[in-house]
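Heavy-atom basis, side chains included; hydrogens, waters and symmetry copies ignored.
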Amino acid sequence: MIKCNLAVLLAERGINISELSERTGLSRNTLSALQNNTGKGIQFETMDAICKLLDVTPCELFTFADVGINFIFTSPSKNKIKMVPPGTLNIVKYSSYYEVEIYFNESVMTLKGLLNTDHYPERSQIFFSVKDKSDLEKIPLIFRQEIFNAITDFAVNELNDTYEVPIKINKNSIEIKFLDNVFIEKEIEFFLNYQDDGLDKLLDE
């Protein structure tokens, strides 16, 4: 899979699409398509103009990697986010446990994380360990952004559809955070035991 690094390169240089368009004479539509990786191709003249202005080679403008993502396991909490009498919101600290498989070239890494809904609907967080972050940093940034987008999209859909929340959330209210390895491991262990013991069902009664 080939990705254009234009968004990353512009951010590093503090240049926006309008300025790049003005300085290269290239259309905003063409540049936006490259920035968002929605274009079908690129002309040599376009690539030449961008590389000259940003002082990069074609190898720096584009990145190739074999990257994929798969949600191999999810464990939603039975103690759902919902309205309970007398109209108060019943919220659990963690509403889901995720195992996410990331394919990068010939390696496979598994991320284990928790969806924190303590501050629903204003903010929700997906917690992974710092070790996961160090593993992910081996993947080029442009692909990491796509992975994070896929994870947050999954979380948004799960919250809005699986739980049938009274207030729908959007992607901007979810963030991915990396916390201490031991802390995350303990939180995951507690969450899974909590699920297995059926304490959440007891709390609902």
How long is the gap from CD on Glu146 to CG on Asp153, to the nearest 0.5 Å? 11.0 Å
As an exercise, state the distance from CZ of Phe71 to CD of Glu158, rounded to the nearest 0.5 Å. 9.0 Å
Donor-acceptor pair, Asn70 side chain versus Ile72 backbone, under 3.5 Å? no
Between the side chain of Arg28 and the main-chain N/O of Ser21, is any donor-acceptor distance below 3.5 Å? no
Polar side chain donor-acceptor pair, Tyr94 to Ser75, under 3.5 angstrom: no
ILVMFWY cluster, [X] and [Y] together (side-chain gap under 4.5 Å):
X: Leu6; Y: Phe64; answer: yes
X: Val108; Y: Leu111; answer: no
X: Met1; Y: Phe62; answer: no
X: Phe154; Y: Tyr103; answer: no
X: Val182; Y: Phe190; answer: no

Asp161 CG: over 12 foreign heavy atoms closer than 6.0 Å: yes
For Thr110 and Asp132 the tightest heavy-atom approach is O-OD1, 4.0 Å
